[in-house]
4 protein chains.
Amino acid sequence: MGKAIGAKTWVIAEGYIPGESHGPEPQMTSHETVCLLNCSDKDAHVEITIYYKDREPVGPYRLTVSARRTRHVRFNDLHEPEIIPRDTDYSSVIRSDVPVVAQHTRLDSRQASNALLSTVAYPSAA
Amino acid sequence: MGKAIGAKTWVIAEGYIPGESHGPEPQMTSHETVCLLNCSDKDAHVEITIYYKDREPVGPYRLTVSARRTRHVRFNDLHEPEIIPRDTDYSSVIRSDVPVVAQHTRLDSRQASNALLSTVAYPSAA
Amino acid sequence: MGKAIGAKTWVIAEGYIPGESHGPEPQMTSHETVCLLNCSDKDAHVEITIYYKDREPVGPYRLTVSARRTRHVRFNDLHEPEIIPRDTDYSSVIRSDVPVVAQHTRLDSRQASNALLSTVAYPSAA
Amino acid sequence: MGKAIGAKTWVIAEGYIPGESHGPEPQMTSHETVCLLNCSDKDAHVEITIYYKDREPVGPYRLTVSARRTRHVRFNDLHEPEIIPRDTDYSSVIRSDVPVVAQHTRLDSRQASNALLSTVAYPSAA
């Protein structure tokens with residue numbers, strides 16, 4: 001315990017927050033999440049940059065994942081420097097000052113029953 | 001910002017565009033997507049080759065992902081040199097002249113509630 | 001075109017063929033699939049071994065993926081040396097004599113609307 | 001057969017056991033699973049540590065994956081040293097004394113039709 005695991009740069013090429021939802025909030029609200037695990041004994045300072053198809057990247061969005069903690073970050077909840085628009089294609093790059101592990105999940109509740117997707121993000125030595 | 005991340009060759013072994021859909025178009029139309037992120041400061045010239053089970057590969061399908069942009073490409077929309085048939089097994093190889101990151105997603109709306117799958121594609125040094 | 005891409009050994013730790021289905025056969029039958037892509041100019045001779053929780057591994061199941069072809073193999077359809085039982089946990093190891101890329105997908109139609117999962121399999125140098 | 005494949009450390013950054021379910025138990029109960037495959041000829045002694053967002057990690061949860069066997073472990077069923085709470089974000093680190101392969105799956109049956117996600121876990125040399 002306390003040993004850092006993972007990478008300092010992660011990429012999630014897929015990004016799309018559906019604008020509609022069914023079911024009780026906030027659990028069943030359509031959302032995109034990145035789950036970040038920091039196994040190390042140091043707090044991880046994380047910067048997320050959002051890429052779009054038709055304008056310059058936006059960011060960084062800053063957050064901290066404390067030592068020996070997980071943090072499941074909803075892209076829906078990022079608001080500084082600006083909210084991520086719904087129904088819009090985007091990608092994200094996640095940079096941390098200590099190695100972390102990143103996994104991407106979407107819950108899509110646009111229709112009566114929800115759908116899920118998940119994948120480990122792409123780790124980079126860059 | 002501006003540093004290239006990823007690989008120049010990616011493989012998506014799974015490919016299948018369902019021929020039927022439920023729900024409003026185009027969001028809920030059954031589709032296969034590859035999301036491509038180009039973090040670099042150079043435009044990425046991408047060539048996609050489609051492999052089938054019973055005939056020679058088709059391609060390249062050519063597209064550009066601009067510098068510092070994401071592009072979510074629906075296989076449904078590829079039409080030059082030819083449309084990808086529905087309800088047909090295929091695979092794809094994606095080659096780019098600058099490193100990019102590729103993630104694969106399918107939305108299947110053949111039944112009343114949609115289903116999703118996603119995975120980071122397989123990066124190759126080849 | 002014609003250059004081999006991928007690995008010779010792949011692992012899918014998850015395996016489970018639901019015993020029930022809804023919807024038209026065979027598309028909507030609950031199934032587990034491995035999609036194999038052989039980009040090379042040589043036919044790939046593939047051997048699949050199935051691991052169980054309470055008995056010795058079974059196999060090899062033998063199949064060929066022709067040069068420059070994809071093959072989407074349903075575990076449901078493997079029958080020699082024996083059928084894979086439904087509603088049973090298993091894992092699979094896939095070995096090929098030329099490098100291929102393997103991706104795993106399940107369609108679960110036990111309930112009225114189907115669910116999907118997919119992930120690139122785990123490539124090994126072993 | 002008998003050759004070890006995989007890694008000794010795996011990370012699943014995403015973790016969340018939905019508190020509600022629809023459909024017959026235990027198959028359709030909402031659950032998170034890690035599927036572990038041990039291809040080697042030695043039993044694998046596995047320790048799972050669970051990370052939370054607001055308290056210290058809990059573990060190890062101990063289990064054995066016998067030689068040449070697969071084991072699909074539901075996080076729902078882990079109870080020693082303590083049960084994992086429902087509707088709570090967590091991550092997990094899996095350590096084994098022989099190389100194994102780990103894949104993560106969730107079945108979410110909170111709504112009438114179930115949803116699935118899966119991804120190969122993140123392997124680490126750490």
Side-chain angles (χ1 to χ4, degrees), chain A residues 1-7 10 12 14 21-24 26-28 30-41 44 63-74 94 96 98-123, chain D residues 7-20 22-23 28 30 32-33 47-60 84 86-95 102-126:
Chain A
M1 213 174 283
K3 192 172 177 180
I5 301 179
W10 293 86
I12 303 173
E14 200 279 335
S21 301
H22 283 82
Q27 315 95 276
M28 301 310 292
S30 290
H31 60 266
E32 290 259 346
T33 300
V34 58
C35 299
L36 298 166
L37 175 60
N38 177 10
C39 294
S40 83
D41 286 328
L63 56 99
T64 301
V65 186
S66 302
R68 300 180 305 281
R69 295 291 185 276
T70 185
R71 189 157 170 190
H72 296 206
V73 181
R74 287 193 183 198
I94 296 146
S96 172
V98 299
V100 295
V101 177
Q103 186 171 344
H104 169 227
T105 305
R106 191 205 294 167
L107 183 146
D108 177 345
S109 65
R110 286 175 291 181
Q111 296 185 322
S113 285
N114 64 305
L116 290 171
L117 64 79
S118 187
T119 186
V120 168
Y122 176 77
Chain D
K8 292 185 175 181
T9 303
W10 292 87
V11 178
I12 303 173
E14 199 279 334
Y16 182 84
I17 304 173
E20 288 178 61
H22 283 82
M28 302 309 294
S30 291
E32 290 258 344
T33 300
E47 295 190 347
I48 301 176
T49 304
I50 304 294
Y51 289 78
Y52 292 99
K53 68 177 172 185
D54 50 10
R55 57 179 175 123
E56 288 295 310
V58 174
I84 298 175
R86 271 49 179 169
D87 294 324
T88 302
D89 295 339
Y90 67 90
S91 296
S92 51
V93 175
I94 297 147
R95 288 190 170 85
Q103 186 171 342
H104 170 228
T105 306
R106 190 205 293 169
L107 183 147
D108 177 345
S109 64
R110 284 176 290 183
Q111 295 184 322
S113 285
N114 63 305
L116 290 171
L117 64 78
S118 187
T119 185
V120 168
Y122 176 76
S124 170

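Throughout, a chain's letter reflects where its sequence line sits, starting with A, and its residues are numbered from 1.
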### Task
For A:C39 and D:V93, run side-chain contact (heavy atoms from CB on, under 4.5 Å): C-alpha distance rounded to whole Å, both residues' side-chain angles, the deciding distance at 0.1 Å, then the answer.
CA-CA 9 Å; A:C39 294; D:V93 175; 3.6 Å; yes

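The part of A:T105 that comes within reach of chain D is its side chain, from C-beta onward, which places non-hydrogen atoms under 4.5 angstrom from that chain. Interface remark: D:Y52 contributes backbone atoms only to the contact with chain A (heavy atom separation under 4.5 Å). The contact between A:P123 and chain D is made entirely by side chain atoms (from C-beta outward), counting heavy-atom distances below 4.5 Å. With a 4.5 angstrom heavy-atom cutoff, D:D54 touches chain A only via backbone atoms.
With sequence neighbours excluded, the residues forming a salt bridge (Lys or Arg N to Asp or Glu O under 4.0 Å) with A:R69 are D:E56, listed by chain and number. Residues that satisfy the ring-ring contact (aromatic ring centres under 6.0 Å, His included) test with D:Y90, not counting sequence neighbours, are D:F75.
Most heavy-atom pairs under 4.5 Å with chain D, from the set A:G6, A:A102, A:S66: that is A:G6. The candidate with the highest count of non-hydrogen atom pairs below 4.5 Å against chain A, out of D:R55, D:R106, D:H104, is D:R55.
Of the inter-residue distances, the one linking A:H72 atom NE2 with A:L36 atom CG reads 8.5 Å to the nearest 0.5 angstrom.
Here the shortest heavy-atom pairing between A:T33 and A:R74 reads OG1-CG, 3.8 Å.
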